[in-house]
Amino acid sequence: DLELIEGWLNTKFDHDMVANALDDGALPRFLNSGNPADWDKAVQLFKYCTAIRWQPDRLDSETREPVTVVEEHWLKDLVNHHATALGRKAGASAASLMADRVREVFGEGGRADWSHVFRPAVEDQGQSHVGRGPENIVVEALRDVLLGWTEVDATAAKPFVDGLLRGDNEMLRRVGIHVLNERWESLGD
């Protein structure tokens, strides 16, 4: 039944209400469950909600810009409400999903070479560019998932963060540095 949600989010009408209902209902229920299978379902819902589409840039038809399937306001709420809990419950799979989303958004062109222009700071300090919703949302989701995961199982998260630090994607390295800074006591070695 969860696979139906992907279709609902890709409709022209009321797909934002689907995301809002998931934010208020299904996600908290899955994440509050003691059953790891329910946590996997929450990751699947996050996958559908954070999907990225590409469209021609409004100012330059030669380039493409990312667009979220769910309207940015609703998606930001969903991420703010659940990313940390998702990291605590389903650390590895949630972190892999969100690292893939960051890699997708910051993997080519100017976003790959100048991630600091599209997302100046990993932390929430008001430096994020308004109008850069997909860039901001995927970075914040990965950051919060990793902070949640390292909070409950830093030993398991350590190789993942190390992989971010050693990888070739600038934005992923920056997220890794931020998480290392925030969790220095458990990840410093």
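The figures here come from the full heavy-atom set of this structure, side chains too, leaving out hydrogens, waters and symmetry mates. If you're wondering where the values come from, they're calculated on a predicted model, not measured in any experiment.
Panel note: side chain Asn32, backbone Pro28; a donor-acceptor pair is recorded below 3.5 Å. One N or O on the side chain of Arg143 and one on the backbone of Val122 form a donor-acceptor pair closer than 3.5 Å. Looking at His82, its side chain does come within 3.5 Å of a backbone N or O of Asp23 through a donor-acceptor pair.
In this structure, Glu108 CD and Asn169 CG are separated by 11.5 Å, a value rounded to the nearest 0.5 Å. Atom CG of Asp189 is separated from atom CH2 of Trp184 by 8.5 Å, given to the nearest 0.5 angstrom. A distance of 13.5 Å separates NE2 in His81 from CG in Leu22, rounded to the nearest 0.5 Å. Residue Lys47 holds its NZ atom at 9.0 Å from CG of Asp100, rounded to the nearest 0.5 Å. Here the straight-line distance linking atom CG of Leu164 with atom CZ of Arg173 works out to 10.5 Å at 0.5 Å rounding. Atoms CD and SG, from Gln44 and Cys49 in turn, are 11.0 Å apart once rounded to the nearest 0.5 Å.
Enclosure of atom CG in Asp168 is not indicated, since only 12 or fewer non-hydrogen atoms of other residues, nucleotides or ligands lie within 6.0 angstrom. For Lys158, the NZ atom is densely surrounded, since the number of other residues' heavy atoms within 6.0 Å is greater than 12. Around CD of Glu3, the count of heavy atoms belonging to other residues, nucleotides or ligands within 6.0 Å does not exceed 12.
There is no path of hydrophobic side-chain contacts, each under 4.5 Å, that joins Val152 to Phe46. Taking hydrophobic clusters as Ile, Leu, Val, Met, Phe, Trp and Tyr residues chained together by side-chain heavy-atom distances below 4.5 Å, Val67 does not share a cluster with Val139. Cluster membership check: Leu45 does not share its hydrophobic cluster with Trp39, using side-chain heavy-atom separations under 4.5 Å among Ile, Leu, Val, Met, Phe, Trp and Tyr.
Residues Gln55 and Arg64 form no side-chain contact, since every pair of their non-hydrogen atoms from C-beta on lies 4.5 Å or further apart. Inter-residue side-chain proximity for Phe106 and Glu135 is flagged as met; some heavy-atom pair is nearer than 4.5 Å. In this structure, Arg183 and Trp149 have side chains that are not in contact, with every pair of non-hydrogen atoms separated by 4.5 Å or more. For the pair Glu123 and Glu182, the minimum side-chain heavy-atom distance is 4.5 Å or more. The closest side-chain heavy-atom distance from Glu140 to Arg119 is below 4.5 Å. Within the 4.5 Å cutoff, the side chain of Arg174 has heavy atoms near those of the Ser115 side chain. Counting heavy atoms from C-beta outward, Lys76 and Glu71 have side chains that stay 4.5 Å or more apart. Side-chain contact between Arg101 and Leu142 is absent, with no heavy-atom pair separated by less than 4.5 Å.
When all heavy atoms are compared, the tightest approach of Gly107 to Ala112 is C-CB, 3.7 Å. Considering all non-hydrogen atoms of both residues, Ala99 and Phe160 come closest at CB-CZ, 3.8 Å. Leu9 and Val69 get closest at one heavy-atom pair: O-CG1, 3.2 Å. Minimum interatomic distance between Met98 and Ala141 (heavy atoms only, all atoms of both residues): CE-CB, 3.4 Å. Closest approach of Leu31 to Ala85, counting heavy atoms only: CD1-CB, 4.1 Å. Ile52 and Pro134 get closest at one heavy-atom pair: CD1-CB, 4.4 Å.
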Test side-chain contact (heavy atoms from CB on, under 4.5 Å) on Leu78 and Leu27 and set out the steps. CA-CA 9 Å; Leu78 187 136; Leu27 276 168; 3.6 Å; yes
From CA spacing to verdict: side-chain contact (heavy atoms from CB on, under 4.5 Å), Thr84, Val145: CA-CA 5 Å; Thr84 303; Val145 162; over 6 Å; no
Show your working on side-chain contact (heavy atoms from CB on, under 4.5 Å) between Leu165 and Ile177 and close with a plain yes or no. CA-CA 7 Å; Leu165 295 169; Ile177 290 168; 3.7 Å; yes
Worked check of side-chain contact (heavy atoms from CB on, under 4.5 Å) between Val43 and Leu86: CA-CA 7 Å; Val43 172; Leu86 191 68; 3.8 Å; yes
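No close placement of the Trp8 and Tyr48 rings is indicated, their centers lying 6.0 Å or farther apart.
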